[in-house]
Structure formats: structure tokens, C-alpha cells
Amino acid sequence: MLSLTLSADQPFNLDKTLSCGQVFRWVEAGGWWTGIVGDKVIRIRQDGDHLTWDGTDEPFIRHYFSLDLDLPAILSGIDRDPIIHQAIEECRGLRIIRQPPWECLVSYIIATFTNIPSIKRRITLLCREFGNEISSGGEACFSFPTQEALARAEECQVRACSLGYRAPYLCQVAQQIEANPGWAGTIRKLPYEEARTELMQYRGVGRKVADCVLLFGFGRLEAVPVDVWIERIIRQHYLNSGEKANYEYLRRYAQDYFGPFAGYAQEYLFCMRNDIAKK
DNA sequence: TGCCAGGGCCAAG
DNA sequence: CTTGGCCATGGC
């Protein structure tokens, strides 16, 4: 069991970070969060300024939870109006996690046109079916399926994980990625707009999924995924009623308005969606 | 029970 | 370039 003490000037809220809907493989029970990242089973809890965990080392924890970033500086940069201010007050300490790109890509393809409980359930089924079993001492845990495993999977077997019409997307994107193993390095080197265009070449990846992958999988903190909730919030609180706005308009609006850390603003607003988005 | 969900694809206008 | 129908599934 390892531990670290958070610095007093760098807030971190483990519960908000893991429950806000950016990751789908963490479960809380009895004050402990258990999650599977790569081939590691990690158990972690927070007591005030103290983190305690096992399953990985401290550098991984610091990197995965972005503990190296100056969160107060980020939050003061986006704190531009009473709406986002309320979200910052309520969710302070929420940090955007650095997800493995492949897991992030597949997860957000699965996340299209559904709800968060269903996403978690489907990813669990997919890992059980196509991942590798990891010994964890407790109940059986499974790693996220590799691109090779999904590329070779039978579509009907993928579909059996309650994935519906997304099953062929997953099989095809796995084959595309397998044929282009340097894909993540390519994305990482490109500027935002070009990286986005590159990502959208993959099956099942449109504007919104591309923005999610850039934000959560590649640390592009300027990316603003616009799902139905964020669209509602921007329309209700930031635009004139009836103002014409498609996806690109909404995304650019948020990026121009909130600045280089607009992705953080997006995630804080998303975390507060049930309080600030009506209907 | 019906509506909705961290949308994307594809054809038609 | 923009719009509209369609898509499987399960939570609420």
C-alpha cells in the first residue's frame, strides 16, 4: 500500500474526478475506488489531503490524475461568469484524467447515443469477453481488449456485449488502428484541428467523439466535446435564444470564450449538468 | 410505457 | 455545406 500527501495549494477531489463521467471503469465501494487501467488493477481512496492506493506506483498516479498540473491557475483562467463559477465552487478538485488513447477511443465510440450506466455496463461486458484476466486477489478482473483482439473478434460476438449497431464500428476501427500502429504518435504531433480531422477518419468517430479523445486521451485541454447536455447549457446560459448554432459553432464559441483550458470548463459544466441544464 | 441518452453514417436537398 | 432518417439498447 502506497500513499502521498497532496500539496495544500493543489486541490484534488478523487470522487468528483472518478464519478463525473469521463472514465467508465472505476467502481466505488466502502470508500475505496477500484479501477482497471491498462493491465493494472488499482485501488485508491482519499482522506483529506492524503491519497492511499495499491496496484501501481506514485509516478503513474501523479500522471494519470494530472496531479502535475496547476489546477488553480486553470480554474482562474476559465472562471468567467456566475454559471461556470458555480460549477468551479461545486466541483473544485476535479481533474481531467489522462486516459490511454486506445481505451479512450473505444470507450467514446461505445459512448455514442446512450447513457453513462449503459456505457459502463457495455465496456464491462466487452472487457470480460475480449480482455485478459488479471489476477487481483478478489473477483476476476479483465484488461481492456487490445486492438488485435478486437480486430480479430467476430462482429456478432461484439454485438453480444449489448453494443447494437456500434459493433461493426468497433471491429472496423480496431482493424484501422491495427493497420496504423503509429496512429497515436501521429495524432500527438498534429495541431488541434488537424488532429481532429485525422481522428475523424476512423470508423464511428465524428466531431464529438474526436473531441472527447483529444481531451481525455491526448491531453488537449482546449478540446470541447459538445454532447446534448453541454449544448443545452451553452444555449440556455450563453447564447441568445433562437441563435443559430451547429456543433462547430458551439464548440468554437466555448473555446473562444473560455480560452486554452476550455476543456476543463466543459467538464466542470458537464459535472453540474443536472443542476444547471433544464429540460 | 414512452422518452431519452457524453452521436455517427449516409442519402438527399 | 446542411438537413433528416435511421440506427440497438437499456435507464428512468
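Below, read A as the first sequence line, B as the second, and so on, with proteins coming before strands; counting in each chain starts at 1.
Between A:Arg166 and C:dC7 there is no side-chain polar atom (N or O) within less than 4.0 angstrom of OP1 or OP2. Phosphate contact (OP1/OP2 of B:dA5, side-chain N/O of A:Arg232, threshold under 4.0 Å): present.
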Using side chain to side chain contact (heavy atoms under 4.5 Å, CB included), reason through A:Arg203 and A:Gln175 one step at a time and then give a plain yes or no. CA-CA 10 Å; A:Arg203 191 69 173 172; A:Gln175 290 162 18; over 6 Å; no

Verify side chain to side chain contact (heavy atoms under 4.5 Å, CB included) between A:Trp53 and A:Glu58, making sure each step is shown before the conclusion. CA-CA 9 Å; A:Trp53 74 90; A:Glu58 178 169 332; 3.8 Å; yes

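A:Arg196 places its CZ atom 13 Å from the C1' atom of B:dG7, with the value rounded to the nearest Å. The nearest whole Å value for the distance from the CH2 atom in A:Trp229 to the C1' atom in B:dG6 is 10 Å.
As rounded to the nearest Å, C:dC6 and B:dC3 have P atoms that lie 16 Å from one another. Taking atom C1' on both nucleotides, B:dT1 is separated from C:dT9 by 16 Å, rounded to a whole Å. Straight-line distance between the P atoms of C:dA8 and B:dA11: roughly 16 Å, to the nearest whole Å.
Nearest to the side-chain atoms of A:Ser118 among the listed nucleotides B:dA5, C:dG11, C:dT2 stands C:dG11. Among B:dG6, C:dC7, C:dT2, the nucleotide with an atom closest to any side-chain atom of A:Tyr108 is B:dG6. When distances are taken from the side chain of A:Thr112 to each of B:dG7, B:dA5, B:dG6, the shortest belongs to B:dG7.
Each of A:Met200 and A:Phe216 has a nearest nucleotide on DNA chain B; the 5'-most of these lies closest to A:Phe216. Nearer to the 5' terminus of DNA chain B, by closest-nucleotide assignment, is the contact made by A:Asn115 (compared with the other of A:Gly204 and A:Asn115).
Taking 4.0 Å as the cut-off between side-chain N and carboxylate O, A:Glu248 and A:Arg196 count as a salt-bridged pair.
C:dT3 is paired with B:dA11 under the Watson-Crick or G-U wobble criterion, all donor-acceptor distances under 3.5 Å.
A cation-pi contact, defined as under 6.0 Å to the ring centre and within 45° of the axis, is absent between A:Arg95 and A:Phe12.
Contact annotation for A:Ser162: backbone-only contact, meaning every heavy-atom pair under 4.0 Å involves sugar-phosphate atoms and none involves a base.
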